[in-house]
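Order of appearance sets the numbers: ligands from 1, and atoms from 1 within every ligand.
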Amino acid sequence: MTDRAKIMPPAQGEPWLLTPGPLTTSLAVKQAMLRDWGSWDSDFRAMTAELRSRLLSMLGAGGADYDCVPVQGSGTYVVEAMLGSLVPRDGKTLVLANGAYGQRTRRTLDCLGRAHLLLDKGDYLPPRGAEVAAILAGDPDITHVAVVHCETSSGILNPIGEIAEAVEAAGRRLLIDSMSAFGALPVEPAHVRFDALVSSANKCIEGVPGFGFVLARRDVLDGARGNSQSLSLDLHDQWAHMETTGQWRFTPPTHTVAAFLQALRAHEAEGGVAGRGARYARNRDVLVAGMRQLGFETLLDDRWLSPIIVTFFCPDDPAFAFDRFYDLMKAKGFIIYPGKLTVVDSFRIGCIGQMDEGVMTQVIAAAGDALRDMGVTDARPPAAALIERARLAA
Ligand SMILES: *Cc1c(COP(=O)(O)O)cnc(C)c1O
């Protein structure tokens, strides 16, 4: 069960981060970093082992065939490690893109010199199982499909269940960027068949930045020797070294690992993936209902809204300016996030981190005050925004 009493405001003068990572962490997570560890020492090796086994157990049903490989760096480094190590050099990847992170996957494959095909759905339309099936049927050279679980640039929750079914039916392999979803949304191998997924320390598990991790089938890791043309991002090598020595190949982010272990224990105490996901869903529900009451509208229909981050259209009222809104929200203690849509102006508010619905209620009050401070009387978006949204519903 969620222990709501444990949510504490950040330290004096520190704002709430309504951003999709780095995000607001607990005091206990921050305090876990107040000592030093020797990376070769058995204490730290035990911490690495606990981290790997705790992450594996979060896979739930069907996770026994998987292993966990942490990798130094931000999430993008680990996506690159996954693509460069698990896709053979003569492989071809179908990239499903509906936002910045899907585009980054394509760019990464470009840099790696790996063949790929892009299904580009624009700013936010979801890639669907049937269109993936049709593309795979028409191109026997495709070996892998890469999908983003929650595309953080719009907040859309992509339908990975139907996509995984299409990929499996076609006998291809699925790689998931679950960076902003893992830990809050279930990805159980018993229900969603995939070769590997990636996430990082500073998203739904509520640690601090410094490393990411891959959860991959053990046979796939075993078969990945020699695929990577990078030394530091070679997943097979990192895995093999960790298996034999219990250590990271190169200097590990020791303090980040210590903080992450504290975050993992809190995650378990909250009820694991289900408990974490339930708190984030309540955060989203309170946020969306309150913002709609103020007149704001969401980019996405309820059906596609994730409990991770929500995109709102900027009001049409000429008195509204995002930069001013941002500053006013910051002065009230909340850091929000600019939007990433190309067609209409928008901004985003995250639902993840050490926050609960009480905090979200304060966010709504602050947004209402900010509108009044700016002299905005009507928070409704321009007609063009609603036309955009109608396209999605169609
Ligand atoms: C955060 C995120 C990443 C990684 O971003 P970094 O800035 O490298 O940590 C990748 N994919 C998605 C969907 C994300 O939300």
Numbering as shown, the atoms of ligand 1 that approach G75 to under 4.0 Å (heavy-atom distance): 4 (C), 6 (P), 8 (O), 9 (O)
For ligand 1, the portion of H149 having any non-hydrogen atom under 4.0 Å away: neither
Could you tabulate the donor-acceptor pairs under 3.5 Å formed by side-chain atoms of residues 363-372, not counting sequence neighbours?
{"residue": "D369", "atom": "OD1", "partner": "R372", "partner atom": "NH2", "Å": "2.8"}

N or O pair under 3.5 Å between V79 and ligand 1: no
R276 with D356: basic N within carboxylate O range, under 4.0 Å: no
Any residue meeting ring pair (Phe, Tyr, Trp, His ring centres under 6.0 Å) with F296, in chain and number order, not counting sequence neighbours: F347
Contact atoms of ligand 1, heavy-atom distance to S180 under 4.0 Å: 15 (O)
Atoms of ligand 1 close to V148 [distance to a heavy atom under 4.0 angstrom, numbered from 1]: 13 (C)
Interfacing atoms of ligand 1 (cut-off 4.0 Å, heavy-atom, T152): 12 (C), 13 (C), 14 (C), 15 (O)
For L94, the option from V132, L118, V167 that meets side chain to side chain contact (heavy atoms under 4.5 Å, CB included): V132
Per-atom contacts, ligand 1 versus C150 - under 4.0 Å to a heavy atom: 13 (C)
Heavy atom of the protein closest to atom 14 (C) of ligand 1 (residue, atom name, distance): K203 NZ, 3.0 Å
Within-shell test, E151 vs ligand 1, heavy atom, strictly < 4.0 Å: no
Proximal atoms of ligand 1 relative to T76 (non-hydrogen, under 4.0 Å): 4 (C), 5 (O), 6 (P), 8 (O)
Region of D177 engaging ligand 1 - heavy atom pairs below 4.0 Å: side chain
Side-chain heavy atoms of Y66 within contact of R218, under 4.5 Å: no
Nitrogen or oxygen of S74 less than 3.5 angstrom from that of ligand 1: yes
Main-chain N/O of M47 paired to R52 side chain as donor or acceptor, under 3.5 Å: no
Whether E270 side chain and H267 backbone form a donor-acceptor pair below 3.5 Å: no
Close side-chain approach of T19 and I352, heavy atoms under 4.5 Å: no
Under 3.5 Å: N/O of Y77 near N/O of ligand 1: no
Ion pair check, D302 and R284, cut-off under 4.0 Å: no
